[in-house]
Structures are given as C-alpha cells and as structure tokens.
Amino acid sequence: MKLYNTLTRKKEEFVPLEENKVKMYVCGPTVYDYIHIGNARPYVIFDTIRRYLEYKGYEVNYVQNFTDVDDKIIKRAIEENVSAKEISDRYVAEALKDAYGLNVEPATKNPRVTEEMPHIIEMIKILVEKGFAYEVNGTVYFNTKSFDGYGKLSGKNIDDLEVGARIEVNKEKKNPMDFVLWKPFKPGEPKWDSPWGEGRPGWHIECSVMAKIYLGDTIDIHAGGEDLIFPHHENEIAQSEAANGKQFSKYWLHNGFINVDNEKMSKSKGNFFTLREIAKEIPYEVIRFFILNGHYRSPINFSRELMEAAGNGLDRIKNCVKDIKFITLNGKDSKLSENEQKLISECVKFKNRFEESMDDDFNTADAVSAIFEFVKFANVNIGTESTREFADIILSKIIELCDILGIEPLKEEAVADTGEIEKLIEKRQLAKKEKNWAEADRIRDELSEMGILIEDTRAGVRWSRK
RNA sequence: GGCGCUGUAGCCAAGAGGCUAAGGCAUGGGACUGCAACUCCCCGAUCCCCGGUUCAAAUCCGGGCAGCGCCUCCA
C-alpha cells in the first residue's frame with residue numbers, strides 16, 4: 001500500500017510503527033458554526049482511508065479534535081450573549097450530526113482543547129525549559145529559529161518567509177515567524193491559570209498535545225486540509241519534535257479543496273455554504289459519493305450539476321443492489337449452477353482492481369469505477385432465472401466494497417407505514433393484471449405523492465423513497 | 001517575490017513510457033415494457049501548444065499558454 005507523503009513529496013510504501021496498528025490524527029473543525037461543505041471533504045476522505053486500513057486488518061486509533069477555544073467562537077458568543085462553551089457545545093453536537101449523516105465512523109476519541117488544558121500548559125512549559133520558547137509580557141512564543149527543521153513540511157525557507165512576510169511587525173518577537181503558544185487573556189474571554197499568567201493557548205499547540213496524549217510521541221499518519229500545511233502543521237512539527245525529541249508523524253496526508261465555480265470558497269466571495277444547508281437539497285450519501293469520485297488530493301468543484309450527476313451514478317449502484325436483493329428473496333431455490341459457480345470465481349477481478357486502486361494512494365475515483373464494473377457484471381448476469389444463493393453471494397461481494405467507501409446502497413430512510421405501501425402495491429398489481437391501466441397509474445401517482453417511487457423492474461416490483 | 005498544483009470526449013474523472021486511452025453523468029439511436037422507471041446494446045478523444053529524448057510519449061525533459069492554491073484565520 002502506497003501513500004503520498006507531503007513531508008517527502010513522494011508516494012511511499014506504508015509501514016506502520018507497530019505491526020497491524022495505525023495511529024492516525026486528523027485536524028478537526030473549529031466549532032463556531034455549522035461545518036461547511038469544505039469540511040465535508042476531510043471528514044469523508046480520512047474516514048474512507050481509515051475504513052480501508054481497517055479492511056486491510058489494521059487496528060486504527062483515530063483521533064480528531066474539536067477546536068473549542070478560538071476568536072471566532074468568542075465573537076459568536078458575544079453576539080448571541082451566551083458563553084463560549086454554549087456555542088462550542090452546540091456546534092460540536094451539530095458537527096457530529098453532520099458526520100453521522102456523511103456516514104463517518106465515530107472517532108476513537110474527539111478531544112477538545114478546553115478539556116486538555118493541564119497537558120497544554122505542561123507541553124508549553126517543556127518548550128520553555130528546553131529553550132525553544134520564550135515569554136514576553138504574558139505571551140509565550142515559539143522561537144522558530146531554535147528549531148532546525150522549521151519549514152521541512154511546507155518546503156519553505158524561513159528566510160524567504162521573513163522577506164515576504166505579510167505579518168505585522170511585532171517587537172515582542174525574536175523572529176517575525178515566531179508564533180504564539182500562550183496568550184494573556186482579555187476581559188470577557190475564557191481564561192485558564194498558567195505559569196505565565198491567566199490566558200489561553202495559541203491555536204497550534206492543541207494538536208501537538210492531543211496527538212501526544214491519545215496516540216504518543218510519534219504517530220503514523222497526520223492528516224488535514226492542504227491549507228493547514230503552513231503554518232499549522234509546520235508549527236505542530238516544530239512543537240512536538242522540539243518537546244519530545246522524536247519524529248512527530250511518519251506520514252502527512254493532505255486533502256485538496258472543494259471549490260465553488262473554480263474558486264476557493266470564502267465568506268467574502270459569497271460562495272460559502274454550510275453542509276447543513278446543502279444537505280437539505282442533496283442527500284448526505286450523494287455528497288459523500290461525489291467526494292469519492294475524485295482523487296483526494298485534487299481540487300474538486302462543487303455545483304448542483306455535478307451533484308446531480310453523482311446522484312445519478314449512485315442510483316445506478318443502488319438500483320443494481322436492490323435488484324439483486326430482490327432475487328435473494330425471490331430467486332430460484334436450487335443449488336448454484338455450474339455457470340453461476342464460474343461467474344462467482346470471476347468476481348475476484350473486481351475486488352482486485354478495487355484494492356489495487358486503493359493501495360495506490362487511496363485512489364477512490366478508480367475504486368468507484370471498479371464498483372461500477374461490478375455493477376454492470378451483476379446487471380448482465382443476474383435475473384429471475386438466477387438462484388437465491390448466487391444473488392446472495394454477489395450481493396455480499398458488492399456490499400463489501402461499498403462498505404469500504406462508506407456507501408450503503410441498501411439503506412432506506414425510515415418510511416412511516418410500509419404496510420400501507422405494500423397494500424397499495426398489491427392493489428396496483430391486481431389492476432395491472434386486469435389491464436386497468438388507469439387504476440394502476442392512479443395508484444402509482446398516489447404512492448408518488450407519498451414520496452414513494454414504484455419501478456417494475458425485470459426482477460419484479462420495487463419501491464423506494466424518492 | 002518565494003513555494004506548489006492542475007490542463008485527457010459536452011461535463012466529471014482514472015491512466016504516469018509499449019495491449020483497441022478505464023469508469024460515470026448527459027445527449028442521440030435501438031431492445032425490453034400497457035405507459036413510466038429500471039436494465040441491456042450501439043454511438044464519442046490523434047490526451048492545452050511547440051520542441052526534444054526514445055524503436056515507442058497522454059505519460060519523461062525543455063520552453064510557452066491557461067487556470068488554481070499556499071506564503072494571513074481557514075478543511
């Protein structure tokens with residue numbers, strides 16, 4: 001299995017620190033609002049990578065933080081006249097709902113900054129003691145010049161950075177690129193006691209601390225959006241490696257952005273969408289499928305048309321799986337035919353192609369195409385003359401691959417009264433038998449109004465929620 | 001200014017030196033069907049341009065052109 005490591009800018013063979021175990025840390029959102037459509041990408045991508053690692057037999061310790069101390073949260077709290085905790089609690093809950101909607105497996109642990117304060121203070125203390133950080137008037141800075149490897153992840157040269165720096169001159173800092181580990185509190189802001197006075201931590205230190213506490217000094221995979229490469233991840237490396245004296249993460253994975261109209265999504269451009277508002281129109285599963293249709297490192301464009309295309313493609317898989325499901329219930333009861341046995345043995349090629357794609361830096365776009373080829377194979381080879389056993393075996397093989405991508409083609413949204421639907425379908429079947437097309441169509445319309453789609457497939461009558 | 005990414009059919013998107021350049025969506029034609037939907041069959045690319053390396057280039061190298069990202073809070 002190969003993966004592209006941002007640190008070395010090469011595809012490398014994946015070798016975990018500990019056999020069969022993977023320690024994975026993913027940078028999570030700042031909880032000041034609903035997560036946006038761009039946040040959906042790392043959620044889906046790194047969840048899929050995790051699922052694949054698990055499929056390959058690794059035990060994955062998956063940690064994703066919530067940043068619940070931040071200027072934006074404080075601003076929001078002031079606007080609403082509530083506590084910062086109320087804001088962050090609310091949006092942590094909402095982010096978890098969105099993650100659930102996207103069928104993201106719960107993390108092993110979702111640490112929060114406010115709950116790790118003693119550890120954060122401890123790490124800053126170590127950095128000061130070791131001479132990597134210094135305090136000026138209650139602010140603790142990391143001295144970037146004291147850490148030799150600064151710039152190794154982003155490929156930046158510290159002197160170039162200083163020349164081109166668009167940061168304000170700050171006379172407290174020893175070097176322009178030094179960043180804050182601890183800042184003194186301002187009235188009205190959340191604060192914690194520390195050796196440098198009351199205040200709160202800077203943004204970067206939290207991830208170094210949480211990774212250390214929940215995973216250890218050295219982890220296998222650190223992941224996040226590509227915009228985090230600099231400065232966030234660069235700073236994490238500096239903090240962790242300076243404090244622990246060990247390599248921080250073996251592999252660094254970064255997902256590309258979701259753009260809107262080929263431009264970066266931003267509030268100022270007015271092309272900003274929360275996942276929640278998109279999910280009102282487009283099912284979460286379609287959003288997930290859409291994200292998987294491209295390579296995780298390429299930028300992808302978000303538009304209604306592309307969502308619709310993704311939805312149609314997903315329907316193709318769902319239709320196929322539902323048809324097979326129907327045969328597992330209504331197919332022949334006899335034993336597998338010789339031809340069926342032969343066909344079953346052919347299926348391994350789809351699984352192989354799927355794995356080859358995923359082994360090559362998690363090429364989900366190619367993996368999806370392996371599923372489509374499997375679907376075509378099933379559509380051509382499964383029908384009313386197939387045995388139940390055959391349908392059962394093929395179904396489980398397709399579902400297995402879908403599961404790895406977090407796609408659940410058999411999942412139906414809860415429908416109020418399935419009994420009533422079944423009754424109406426029976427009535428329609430009767431009408432059709434009597435060639436009473438008007439009545440049959442009337443019942444179909446009635447079901448349609450209930451949000452139920454009826455299809456007379458070659459396998460039989462099938463209904464699904466629209 | 002520094003660092004980096006991308007350019008493959010109407011659209012999305014794999015492929016990273018050599019089998020007819022995957023797959024999906026859309027359009028059109030046909031089969032099936034009472035109709036609709038589903039499904040099946042058929043139809044589409046000298047891979048941004050110009051040079052070079054090679055027996056062989058979408059793939060490697062050089063030069064253009066076009067678009068995008070990071071360097072500042074951001075997934």
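Just so it is clear: chains get the letters A, B, ... in the order the sequence lines come, proteins before strands, and each one is counted from 1. Here the structure is a predicted model, which is why all the values come from computation and not from measurement. As a basis for the values below, the full set of heavy atoms in this structure was taken, side chains included, without hydrogen atoms, waters or symmetry mates.
Atom CZ of Phe230(A) and atom P of C5(B) are 18 Å apart (whole Å). Atom CG of Asn259(A) and atom C1' of G67(B) are 11 Å apart (whole Å). Spacing between atom CG of Leu7(A) and atom P of G4(B) amounts to 15 Å, rounded to whole angstrom units. When the P atom of C11(B) is taken as reference, atom CE of Met307(A) falls 19 Å away, rounded to whole Å.
Searching all strands for a Watson-Crick or G-U wobble partner of A66(B) with both distances below 3.5 Å returns U6(B).
Distance noted for atom P between C12(B) and U20(B): 27 Å (whole Å). Distance noted for atom P between C73(B) and C5(B): 24 Å (whole Å). Taking the C1' atoms as reference points, A57(B) lies 14 Å from G51(B), given to the whole Å. Atom name C1', nucleotides A9(B) and G24(B): the rounded distance is 13 Å, in whole Å. Across C48(B) and C65(B), the matching C1' atoms stand 8 Å from one another, rounded to whole Å. Across the P atoms, C38(B) and A26(B) are found 9 Å apart, a figure rounded to whole Å. Separation of the P atoms belonging to A14(B) and A22(B) is 15 Å when rounded to the nearest angstrom. Straight-line distance between the P atoms of G44(B) and A36(B): roughly 27 Å, to the nearest whole Å.
The residue among His36(A) and Lys11(A) whose nearest nucleotide of RNA chain B lies closer to the 5′ end is Lys11(A). A residue-by-residue look at Gly313(A) and Cys320(A) shows that Gly313(A) has its nearest nucleotide of RNA chain B further toward the 5' end.
A cation-pi contact, defined as under 6.0 Å to the ring centre and within 45° of the axis, is absent between Arg462(A) and Phe326(A).
On a pure distance criterion of 3.5 Å, a polar donor-acceptor pair joins the side chain of Asp456(A) and the base of C35(B). Evaluation of atom-type donor-acceptor distances gives no pair under 3.5 Å for the side chain of Arg316(A) against the base of C38(B).
Note on Asn379(A): every side-chain N or O is 4.0 Å or more away from OP1 and OP2 of C38(B).
For Glu373(A), the CD atom sits in a packed shell: over 12 heavy atoms of surrounding residues, nucleotides or ligands are nearer than 6.0 Å.
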